[in-house]
Amino acid sequence: MAWVLLVLAGLLEVGWSIGMKFTEGFTRLWPSVFTAAGIVASMLLLSHAARTLPIGTAYGVWVGIGAAGAAIVGMAVLGEPATAARIFFVVLLLVAVVGLKATSGH
């Protein structure tokens, strides 16, 4: 169950990190509210997952999902450059996330 919570926390991190782009420095009410709610929910799920999982693994996976997901959404939806180098490094992030999961012992 901890892994499910952790993946959900990572997906929420993708959501709130992308949401920050739409808050315009937290000057727009509803994007700011949704972004703040995503931050809180993501942190709560991460903290619950970290009760069972090693914190280094939990935090690394959370950050990896968030960073890779934000980069993918940026390239696919927000018109950010989708160069071969960027895609390569996103794949490396995902490999690292899988590696942390595989070596966590849980």
Side-chain angles (χ1 to χ4, degrees):
M1 185 62 164
W3 284 106
V4 172
L5 295 177
L6 186 58
V7 169
L8 289 173
L11 293 174
L12 282 168
E13 185 186 7
V14 173
W16 69 254
S17 64
I18 295 298
M20 288 186 52
K21 185 163 183 75
F22 297 97
T23 69
E24 295 180 16
F26 289 98
T27 61
R28 295 183 61 213
L29 177 63
W30 291 112
S32 299
V33 168
F34 291 127
T35 298
I39 291 169
V40 170
S42 181
M43 291 285 181
L44 286 172
L45 291 173
L46 172 62
S47 71
H48 284 288
R51 289 180 179 174
T52 306
L53 302 172
I55 190 61
T57 299
Y59 184 73
V61 169
W62 180 73
V63 168
I65 292 170
I72 291 167
V73 171
M75 288 184 279
V77 178
L78 301 176
E80 295 178 2
T83 64
R86 290 189 83 198
I87 293 167
F88 172 75
F89 287 113
V90 168
V91 170
L92 280 182
L93 274 170
L94 295 173
V95 167
V97 167
V98 170
L100 285 169
K101 162 74 170 99
T103 60
S104 73
H106 284 85

Cluster question for you: counting only ILVMFWY and a side-chain heavy-atom cut-off of under 4.5 Å, with indirect links fine, are [X] and [Y] together?
| X | Y | result |
| --- | --- | --- |
| I87 | L93 | no |
| V4 | L12 | yes |
| V90 | V63 | no |
| L6 | L100 | yes |

Would you say that [X] contacts [Y] through its side chain, given a criterion of any heavy-atom pair below 4.5 Å between the two side chains?
| X | Y | answer |
| --- | --- | --- |
| E13 | L46 | no |
| L45 | W62 | no |
| T23 | F34 | no |
| L94 | V98 | no |

Taking all non-hydrogen atoms of both residues into account, name the closest pair between [X] and [Y] and its distance.
| X | Y | value |
| --- | --- | --- |
| L78 | I18 | CD1-CD1, 4.1 Å |
| P31 | T35 | O-OG1, 2.7 Å |
| S17 | V14 | OG-O, 2.9 Å |
| S104 | T57 | CB-CG2, 3.7 Å |
| F22 | R28 | O-NH1, 3.0 Å |
| A49 | L5 | CB-CB, 4.4 Å |

Is S42 reaching over with its side chain to a backbone N or O of I39, donor-acceptor style, under 3.5 angstrom?
no
When rounded to the nearest 0.5 angstrom, what distance separates [atom1] in [X] from [atom2] in [Y]?
| X | Y | atom1 | atom2 | value |
| --- | --- | --- | --- | --- |
| I65 | L8 | CD1 | CG | 9.0 Å |
| L53 | W3 | CG | CH2 | 5.0 Å |
| R86 | I72 | CZ | CD1 | 10.5 Å |

